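Positions are given from 1 along the sequence. On a predicted model such as this, the values are computed, not experimentally measured, just so you know. Both counts, for ligands and for their atoms, begin at 1 and track the order of listing.
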Amino acid sequence: MHVLITGGAGFIGSHLVDHHLRKGDRVHVVDNLSTGSLDNISQHLTHPEFRFTEDDIVTWPDLNEVVSWADRIYHMAAVVGVFRVLERPIDVMATNIAGCERLLRAVHRCGWKPEVLIASSSEVYGPRTDERLREDMDLIIQPEAPPRWNYAISKLADEAFALSYARVHDIPVTVVRLFNTVGPRQTGRYGMVVPRFVRQSLAGDVLTVFGDGKQSRAFTDVRDTVVMLDEVAAKANARGLIVNVGREGETSIESLAHRVIERTGSDSEVEYVPYEIAYGQEYVDIPHRCPDLTRLHSLTEFRPKWTLDATLDDLIARARRTHGAS
Ligand code: UDP
């Protein structure tokens, strides 16, 4: 199979590359390396079935040609990470919406129908506080939406584009709402909590828990996520649907901090940082976020293999090896 991965040098994208090369597929990545990194895919650069283009999805001149070559397209390219979103609220809207629309237009014009998976996010559930978040729930957009929600709004626009292309032009598109994903290559630079805690703990620094730490998230290991994405993309009955991708089982951020300290055997302490200091005045955090997986489970029998503790131990061991080698 020929696979195009936009944003394939990013955290999740690069694991999709690993997964498909392992299966014997041919993979083309386009990435502007804004948040992605060449390090994530450097091990594949000499692989005969792998091609990398450094370019922006919004302007890439070869988009039409490569879309025609592809059997499967994962659209992962986006401006991501809370810090990035707060810093560059206009880019988030402009890039995320224009990139997705350009891709869908290219698919429509390419003369045949590659399978398309559009990456959306659990962020679109906004401030909903339901026990389980379901794909068919009404969504809440807060009045005068603070910049944090620009990412969610851009992803909602992408979802609406994708479902409209599916309906109007019969393109085989599926939208996936990704919940908190963790694992190797995720960087803490843009705000993601797990790599930040692991780094802080190994350095003996304080672990910065934002707010009271009672907020919770359900984390999925990226190596499980990519298998689920592949399975969903292959299913004809997932076309035109939105599908949550994640796992159940929430962990509070406070307990995550203590778990990381315990598993690293560090002397680090936990510091509670008020939200307005962590992110600025306008920030609204979400008290808990857990997917309803009924739809996902009706599409695939695969169930995640990585527990959070196994992922943390793996991340800690990798960080120690890298540190030891430098
Ligand atoms: N968080 C934290 N300390 C950090 C980074 C993040 O306490 O150094 C918190 C953050 O406020 C949120 C949770 O961890 O409540 C998950 O944050 P992340 O950015 O990883 O994901 P998201 O907010 O998108 O769920």
Side-chain angles (χ1 to χ4, degrees), residues 10-12 35 78-89 92 96 119-130 132-133 142 146-156 176-203 205-222 225 244-261 264 266 268-291 308 311-312 315 319:
F11 163 52
I12 303 177
T35 50
V79 179
V80 293
V82 179
F83 290 170
R84 210 78 202 292
V85 170
L86 294 176
E87 217 175 82
R88 304 173 60 178
V92 170
N96 292 0
S120 180
S121 164
S122 58
E123 277 285 296
V124 303
Y125 290 107
R128 288 203 71 119
T129 53
D130 311 69
R132 293 274 181 282
L133 297 164
Q142 291 177 323
R148 169 188 182 141
W149 299 120
N150 277 21
Y151 180 70
I153 293 167
S154 75
K155 286 291 168 186
L156 279 175
V176 284
R177 289 182 179 160
L178 292 161
F179 281 67
N180 294 70
T181 311
V182 294
R185 302 179 198 147
Q186 185 174 39
T187 162
R189 208 174 306 143
Y190 310 111
M192 276 75 169
V193 66
V194 167
R196 287 169 61 84
F197 282 179
V198 169
R199 188 184 47 71
Q200 289 166 339
S201 188
L202 287 172
D205 296 342
V206 292
L207 273 69
T208 52
V209 169
F210 299 161
D212 63 5
K214 305 281 184 255
Q215 73 274 28
S216 59
R217 297 291 186 273
F219 296 98
T220 312
D221 190 289
V222 66
T225 302
N244 287 339
V245 173
R247 66 181 299 172
E248 287 164 0
E250 285 170 274
T251 306
S252 77
I253 299 304
E254 179 178 56
S255 71
L256 174 71
H258 290 293
R259 252 154 110 166
V260 172
I261 291 173
T264 51
S266 158
S268 290
E269 294 191 352
V270 169
E271 185 188 15
Y272 293 84
V273 181
Y275 285 122
E276 52 279 19
I277 293 176
Y279 299 114
Q281 282 302 338
E282 285 189 293
Y283 195 77
V284 211
D285 199 13
I286 298 150
H288 67 96
R289 189 195 259 160
C290 186
L308 180 57
T311 303
L312 292 176
L315 291 175

How does V273 reach ligand 1, if at all, at less than 4.0 Å between non-hydrogen atoms: by side chain, backbone, both, or neither?
->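 No part of V273 is near ligand 1 at this cut-off.
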With heavy atoms only and a cut-off of under 4.0 Å, state how T208 meets ligand 1: side chain, backbone, both or neither.
->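 Both of them.
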Identify, by atom number and element, the atoms of ligand 1 in contact range of [X], meaning under 4.0 Å from any of its heavy atoms.
{"X": "R289", "result": "22 (P), 24 (O), 25 (O)"}
{"X": "D285", "result": "11 (O), 12 (C), 15 (O)"}
{"X": "V209", "result": "7 (O)"}
{"X": "Y279", "result": "6 (C), 10 (C), 11 (O)"}
{"X": "N180", "result": "21 (O), 22 (P), 25 (O)"}

Does at least one non-hydrogen atom of F197 fall below 4.0 angstrom from an atom of ligand 1?
->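 True for this residue.
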Quick one, [X] and [Y] - any side-chain contact, counting heavy atoms below 4.5 Å?
{"X": "V194", "Y": "L312", "answer": "yes"}
{"X": "R247", "Y": "F219", "answer": "no"}
{"X": "L308", "Y": "R259", "answer": "yes"}
{"X": "Q215", "Y": "I286", "answer": "no"}

Main-chain N/O of V209 paired to E254 side chain as donor or acceptor, under 3.5 Å | no
R196 N/O under 3.5 Å from ligand 1 N/O |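 Indeed, backbone or side chain, R196 has an N or O that close.
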Ligand 1 and V193, any nitrogen or oxygen pair closer than 3.5 angstrom?
->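 Yes, there is a polar N/O contact under 3.5 Å.
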So does D130 pair up with R128, basic N to acidic O under 4.0 Å?
->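 Salt bridge flag = yes for R128 with D130.
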Should R148 and D285 count as an ion pair when the cut-off is N to O under 4.0 Å?
-> yes
Rounded to the nearest 0.5 angstrom, the OG-CZ distance for S122 and R177 is 9.5 Å
Nearest non-hydrogen atom to atom 23 (O) of ligand 1 belongs to which of R217, E254, H288, Q200?
->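 Considering heavy atoms of R217, E254, H288, Q200, the nearest to atom 23 (O) of ligand 1 sits in R217.
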For [atom], closest protein heavy-atom neighbour:
{"atom": "atom 13 (C) of ligand 1", "value": "I253 CD1, 3.6 Å"}
{"atom": "atom 19 (O) of ligand 1", "value": "G191 O, 3.5 Å"}
{"atom": "atom 9 (C) of ligand 1", "value": "Q215 NE2, 4.0 Å"}
{"atom": "atom 7 (O) of ligand 1", "value": "F210 N, 2.7 Å"}

Side chain to side chain donor-acceptor pair (under 3.5 Å) contacts in which one or both residues fall within residues 183-192, not counting sequence neighbours | S14-R185, D18-R185
What residues, two or more places apart in sequence or in another chain, satisfy side chain to side chain donor-acceptor pair (under 3.5 Å) together with E87?
->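 In terms of side chain to side chain donor-acceptor pair (under 3.5 Å), with neighbours along the sequence ignored, E87 is linked to no residue.
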